[in-house]
Structure formats: structure tokens, C-alpha cells
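Just the heavy atoms: all of them, side chains too, but no hydrogens, waters or symmetry mates, feed the values below. Chain letters run A, B, ... following the sequence lines, proteins first, then strands; residues in each count from 1.
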Number of protein chains: 2
Amino acid sequence: MAASVKDVARHAGLSVGTVSNVLNRPDTVTDATRAKVMAAIDELGYVRNEAARQLRAGMSNCVGVIVLNSSNPFFNDVAAGAEAWGADANVSVLVGNSGEIVAREKAYLDLFEEQRVRGVLLSPVGQVTKRLQRMRRGGIAAVLVDRDVAGEFSSVSVDDRLGGRLAMQHLIDMGRRRIAFVGGPLSLGQVADRFAGAAEVAGEHSDVTLEFVATDRLTLAHGRVAGERLIARAATTRPDAVFAANDLLALGLLQAITTTRSLRVPDDIALIGYDDIDFAAGAAVPLSSIAQPRFELGRLAMDLLLKEAEDPSRAVERVVLQPFLVARASTGADAVTVA
Amino acid sequence: MAASVKDVARHAGLSVGTVSNVLNRPDTVTDATRAKVMAAIDELGYVRNEAARQLRAGMSNCVGVIVLNSSNPFFNDVAAGAEAWGADANVSVLVGNSGEIVAREKAYLDLFEEQRVRGVLLSPVGQVTKRLQRMRRGGIAAVLVDRDVAGEFSSVSVDDRLGGRLAMQHLIDMGRRRIAFVGGPLSLGQVADRFAGAAEVAGEHSDVTLEFVATDRLTLAHGRVAGERLIARAATTRPDAVFAANDLLALGLLQAITTTRSLRVPDDIALIGYDDIDFAAGAAVPLSSIAQPRFELGRLAMDLLLKEAEDPSRAVERVVLQPFLVARASTGADAVTVA
DNA sequence: GCGCCTGGATGAAACGTTTCATTCCACACT
DNA sequence: AGTGTGGAATGAAACGTTTCATCCAGGCGC
């Protein structure tokens, strides 16, 4: 059906080797033949068969990316960063969404392995160390994104403990003392580290209390539920500030709080999130947040991955980026307060 | 490096044909040999080479999806619908983001064609008719999503004119008369159709005025800018309701309006968006919106695509889904859903 | 006991590239 | 004129599957 290099060769009155040379080493071929081949390609609508090319090369020019939750704009930007950098190196990016589900993570790893991708970029959810080691032995590199596994693999992450510290310190600076951390599960490294950072700072202030409010996942809906739980409390036991493990949770909390109209943000309760997604600035009470260089995160991870794929004996490298505070109205940082 | 079917065969003391049979037609093989092969596979860590498989089969088991803007949660859900349905049929989905840029659309089409995907699902941005026809001749099916091109191809879309009518009618029902449509560019079919629907309804009410407020793109930031323009107007010329072409715009508008605190939503100005993304319900003033069955949209499109890939002579089919109103606080309604 | 049948295993061919050792040819140099 | 020389084209091999015609060993009916 589709024209092959053989058809092109016949049509141009040349050999397949020559056609291949035109395609891959145009300088080794005479201008006249190049023109003839190009004409034949055009005429037949030839499109090279990537599968055959890959089979011959023994490796594809793709890398796989597995994100934790594609409905979180944060991961979108990380993937975009990786893709942009990959495009420069002429590798395509396949994006899979594990949804924090171990089985889906495994399914994508299977897929990528069958495709013989150059490497895999992922924020692991299951116990993948052994699997990744096996894949590495098979020539597939791996770089961890936004999470770190015992120095076995290269990784690019953001210092979540520091982020937790920044958020907590900010709330304290704004005069809050009874603080709740909302998030979960703690099995997610990000959540654990952010909480740990917050706890550290809390420990440095004798008049500050830090409470852990667990959620099952980090979504808008879960944030709403957690918000309703907080609202239902008596004023005396209610926190005067909330540090949410990410912005989706924080925005859910915000919605629960503002719709009931029983509390005001930030007057009655301050709120800070994490990730600084675009919707954070756009919320009706602009949300304070801990920003991460997410595009950069993806870009650096891809860079490390390509280097490692190039030279598998390369030493493991662990890059840690710095988060930073973006203070907005939801913590009273602006003069603006909205009922 | 990686073990091949040949290695497995040797290791199991059988032939490659038999190994292949174990993998692809397990019933034609005796229990004992199956066990032997499985053991060998396990021991060698064999993973089948998808490229070779594809080469032999002449076609991959992937389909490509090209979305207009991956930072709009709407497209995420469309893609998720397509992916879910594809998974049932054992096809993987490659997602590309054109960002409404013709060159990137072309780049993804090239990639997909080289990969010999079964078909392509896309919301076209450039003039792709001829290209898609050529690809179809080469055995690659195409289905258009959320946009329709002159009956040449199958498509799944949502009736944007009706959606525009619904939004407009709702605003009128809520007592609004001076209405502004915010959106653009009109070269986007969705924007044009939604505005056309709104204009139709406006024409049916002699006391209603409809104004067009142009934006360059459909993003949060552009919504914020448009909002500031509206706020700056004198009360007498200011609209009492805004219909935004999508939710990103609407949320941007909302933020501009609420932070200046000069106007209240919905009392001074009602606001309705389009798409009903998750952040709409989660906004501090829950946003009324026109919902589209986006997951279904992706699902149906994938279904059509797979059918067409199966039987290329299949008649073109054009599915049009119905949007529906989700009324929330931003138009002064309680959370009511109307079909 | 002989031929036939059948379930199961076999091995070669083919898919479309790329690579590389080889061949070919024209031209310059001796 | 003969001999190198080097640039350009060639064609076969190989990549890892799947498929399919073939082959083989037993079991069965006669």
C-alpha cells in the first residue's frame, strides 16, 4: 500500500542504498541523483517507515514520560518542558498518565519497554527500583522527576522540605499560630516532605501548633471535602491558617469555605497552596502558593535522561531545584480581602 | 543486548515459530511447551520488540491525537475519553499538543504518519483536508474532533450554536438585557458558532442588546485583561451580563472583577462560561457554564476512528452532541442542571 | 500391519530500513 | 597507454517478528 524505499529506488532508476543515502547522508550523493530521488519521493508520496528504521537501529528516538496526574496543570508544564528540550534533540515524547495508580504505571512501563524507548522520565508511584534497574540493563535509561529513590537513579526534584518551610514560615510571619496541613497520602514523597518541612518550622516556634488533616488524594474534590470538615468545627478548635499540599486541594478548600460564607479568607482563615498553577493567581481570592520551576524541571530531567542514554556508564546525578514563595491575597499578603 | 525471540527459543530448546505461537496463539501449543517457553522468557527477561512486530504487521496499534491546547482541561478530558476507549480495543494513544500552531500540527502529523498509526484524531487548525486525504489513501484514518470540515471526514462535535443559544437564553431568563460576548478570534469555529447562537437569541428579543468584545486568545490572562476593560466603563454603558467563549476567559474575567471589588458577581454583572471545566465549579463564585460531554466526545471519536480504520470504505459519519446548561451562582442561579 | 489423519512443532520467507564492503567509473598522473 | 585514486552507486546482510506451508510422530480405523 504505502510506498517503500524500494519503490522509490525503482521509480528513480537507482538502488535502495542510494535512496537511503539521500535520506540519511545527503552529502555523499551527487546533486543530480539527489534531485531524481527527491522527485520520486514526491511523486509516490513516500513516507519513511519508522518501525523498520527503529528495528534496524535497535532503538527508537522516543522517550516515555509518566506523570502522576494529567489533570494537574503542574504536570502539564513539566511534560511541556521535557518535550521542548526533547524536540531540540530530535526525540519525541510519549506521555502517559499513571493517575497515581500502580497498575497503570506498570502498563506504561511495559508499553515503553516494548517500544524500546531511549529512556523513561517518571515520578514513581509503585516500587519501581528493581524494574528500572532491569530496564537499564536492557539499555533503557531512567530519570526520576520530582522524587528521589535512594541514589540509584539520576533525578531532578524540587526541595519539598524547603517548600514546606517557606509556606509555614510565611503563615507564621502573617501572624497565624494554629495551623493545619491538609494533604495525603503520606506515602507520596512530596506530601511527606512538605509536611516535614512545615513541622520543622513549627517546632522552632513554641506558640505554633501544626495539625495534620489527611486526604486520600490531591484533587479539587478532596479539597472541597476537607474544607467542609474544617468549616464544621467550632471556632475554638478551628485552625487560623491552612497549608494545602498542592493547589488543587487549596482551591477545593477555598471553594468550600467561600460558598458557605461562614468564614472569610484570609481574615478568618489564611490559605496557602503548592505548585502555583495558573488557576491559583486566577482564583477569586488569589491564592498564595509555593512556586516550583516546573518547566525547568522537565527540561533538566530530559537533559539528564538524554545524557544518560548517550553514556549509560555516566555517574548518577541528582539535581535539586529551589522552590519560592508567591504571596497573594489568600494569606493577607495583599491588602485585598474578599468575603 | 536485549533478548530476542531467538534467544528464548534456543534457551527453551524450541524453535522461534513455537515461541511466537506461545505468545500469539497459546491454544495451538501444548501445555508443557508453553511452560518451557514461559520459563525461558522469565529467565531471560524477554520483552517483545514492538518495532519488529509492527514492521511485520505493516501497521502499528497506536492512534495519534492532536489537541488544540493542552493547558485547557477540556482537551485533557477529551483525550482521556479517547484513551480509555482505545485501551479497550488495545490501542495506545499518542497525544500531541498543537497549541493552535499550524507548524506543530504538521510536525505531529508527520510523526504519526512515519509511525504508521491506525488513525488520527484531531481538531484541525491549519488547512489539513488534502493532507488527511493523502494519509487516508495511505491507510491512515482520520476523525475530526469538535470541528467539522465540509463533510469530507467523519467527525464528532458539540452543537456550539445551540450552546450559544442556551447561554444567552439563560442570561435573559435571569433578567439580564445588556449582554456582552467576550471571546475571539472569530476564526476559531467554536467561537464563531457560540457567538452566532447568542446573536440568534438576542435577535428574538427586542429589548436585548448583544455586544461583541474581542480577545486574541482564550486564556485566563486574556480574560483578566478583558475584565479590566469592562470594569473601567461607566455604569450606564457597562453590560449587566457577560457570556465568555470559554471557562478560562470567564475565570479571568471573574478574577479581574472580584479583585477590584467595584462590582459584585452576579448582582452587578452576571457571568457564564463554556466547557464547564472542574475549576468552574471550584471558583470562589461558582461559575455557570455550558457543559459539553467531553469525555464522551473523545470516546465517540475514538470509536468512529477505530471503525473507520477497520473498514476504510465506511461511510462518513458525523455525530453532533448536545451541550447543556449548568447554572451556578455566577448567574444568580442555584446549582441547577438543565438538559 | 498399513495407510490416514491430526495436533503440534518447525523453519524459511517477508516486512522496510540502514550499513558497509564492494564495484564501478572517470579522471589525473606517470 | 597504463595505473592509481577517490568519489559515487550498489546490493546483500541484518534487525526481530509473524505467518504459513511443511514435516513429524502417534493414534485410529480397516
Side-chain angles (χ1 to χ4, degrees), chain A residues 1-38 40-41 44-62 90 111 113-118 138-140, chain B residues 1-38 40-41 44-62 90 111 113-118 138-140:
Chain A
M1 167 135 287
S4 80
V5 73
K6 217 177 294 179
D7 301 317
V8 174
R10 190 168 346 118
H11 199 266
L14 293 162
S15 74
V16 291
T18 305
V19 175
S20 178
N21 281 338
V22 169
L23 259 28
N24 301 300
R25 293 115 95 191
D27 44 310
T28 72
V29 108
T30 217
D31 282 356
T33 46
R34 181 166 46 243
K36 264 193 285 186
V37 169
M38 287 318 224
I41 285 178
L44 296 175
Y46 167 77
V47 177
R48 80 169 169 215
N49 185 324
E50 185 62 26
R53 183 171 220 243
Q54 212 176 103
L55 171 59
R56 170 67 217 213
M59 174 139 299
S60 85
N61 60 349
C62 289
N90 249 319
L111 178 67
E113 202 174 358
E114 287 174 3
Q115 305 255 16
R116 299 290 192 274
V117 296
R118 291 248 187 95
I140 297 181
Chain B
M1 165 136 287
S4 80
V5 72
K6 218 177 294 179
D7 301 318
V8 174
R10 189 166 349 116
H11 200 266
L14 292 162
S15 74
V16 291
T18 304
V19 175
S20 178
N21 282 336
V22 169
L23 259 28
N24 301 299
R25 292 114 96 190
D27 44 311
T28 71
V29 109
T30 216
D31 282 356
T33 46
R34 179 163 50 244
K36 263 193 285 186
V37 170
M38 287 318 226
I41 285 179
L44 296 175
Y46 166 77
V47 177
R48 81 170 167 213
N49 184 325
E50 184 63 27
R53 185 171 218 243
Q54 211 177 105
L55 171 60
R56 170 69 218 213
M59 174 139 298
S60 85
N61 59 351
C62 288
N90 249 319
L111 178 68
E113 202 174 356
E114 287 175 1
Q115 304 256 16
R116 299 290 192 274
V117 296
R118 291 249 186 95
I140 297 181

Whole angstrom is fine here: how far is it from [atom1] in [X] over to [atom2] in [N]?
| X | N | atom1 | atom2 | value |
| --- | --- | --- | --- | --- |
| B/Asp31 | C/dG7 | CG | P | 15 Å |
| B/Met59 | D/dT17 | CE | C1' | 17 Å |
| B/Glu114 | C/dT17 | CD | P | 10 Å |
| B/Lys6 | C/dA13 | NZ | P | 14 Å |
| A/Gln115 | D/dG16 | CD | P | 16 Å |
| A/Asp27 | D/dG6 | CG | C1' | 16 Å |
| A/Glu50 | C/dT18 | CD | P | 9 Å |
| A/Arg48 | C/dT18 | CZ | P | 7 Å |

Among the nucleotides [options], which one has an atom lying closest to any side-chain atom of [X]?
| X | options | value |
| --- | --- | --- |
| B/Thr30 | C/dA9, C/dT18, C/dC15 | C/dA9 |
| A/Arg53 | D/dT17, C/dT17, D/dT19 | C/dT17 |
| A/Tyr46 | C/dT10, C/dT17, D/dA9 | C/dT17 |
| B/Leu55 | C/dC15, D/dT17, C/dA9 | C/dC15 |
| A/Ser4 | C/dT17, C/dA12, C/dT19 | C/dT17 |
| A/Asn21 | C/dA9, D/dT17, D/dT10 | D/dT10 |

Between B/Val29 and A/Asn49, the residue closer to the 5' end of DNA chain C by nearest nucleotide is B/Val29

Taking for B/Thr18 and for A/Val16 the nucleotide of DNA chain C with the nearest heavy atom, the one nearer the 5' end belongs to B/Thr18

At under 4.0 Å, does any side-chain N or O of [X] touch on OP1 or OP2 of [N]?
| X | N | result |
| --- | --- | --- |
| A/Asn24 | C/dT18 | yes |
| A/Arg25 | C/dT19 | yes |
| A/Thr33 | D/dA9 | yes |
| B/Ser15 | C/dA9 | no |

Any Lys/Arg nitrogen of A/Arg48 or A/Glu50 sitting under 4.0 Å from an Asp/Glu carboxylate oxygen of the other?
-> yes

On a plain distance test, is the side chain of A/Arg56 in donor-acceptor contact with the base of C/dT17 below 3.5 Å?
-> no

Okay, side chain of B/Arg25, backbone of B/Val22: is any donor-acceptor separation there less than 3.5 Å?
-> no

Distance-only, no hydrogens or angles: does the B/Ser4 side chain make a donor-acceptor pair with backbone N or O of B/Lys6 under 3.5 Å?
-> yes

What heavy-atom pair brings [X] and [Y] nearest, and what distance separates the two atoms?
| X | Y | value |
| --- | --- | --- |
| B/Asp7 | B/Ala2 | OD2-O, 4.2 Å |
| B/Ser15 | B/Ala9 | C-CB, 3.6 Å |
| B/Tyr46 | B/Val5 | CE1-N, 3.5 Å |

What nucleic acid atoms does A/Leu23 come within less than 4.0 Å of, heavy atoms only: base, sugar-phosphate, or nothing?
-> nothing

Position toward the 5' end of DNA chain D (nearest nucleotide), A/Thr28 or A/Gly17 | A/Thr28

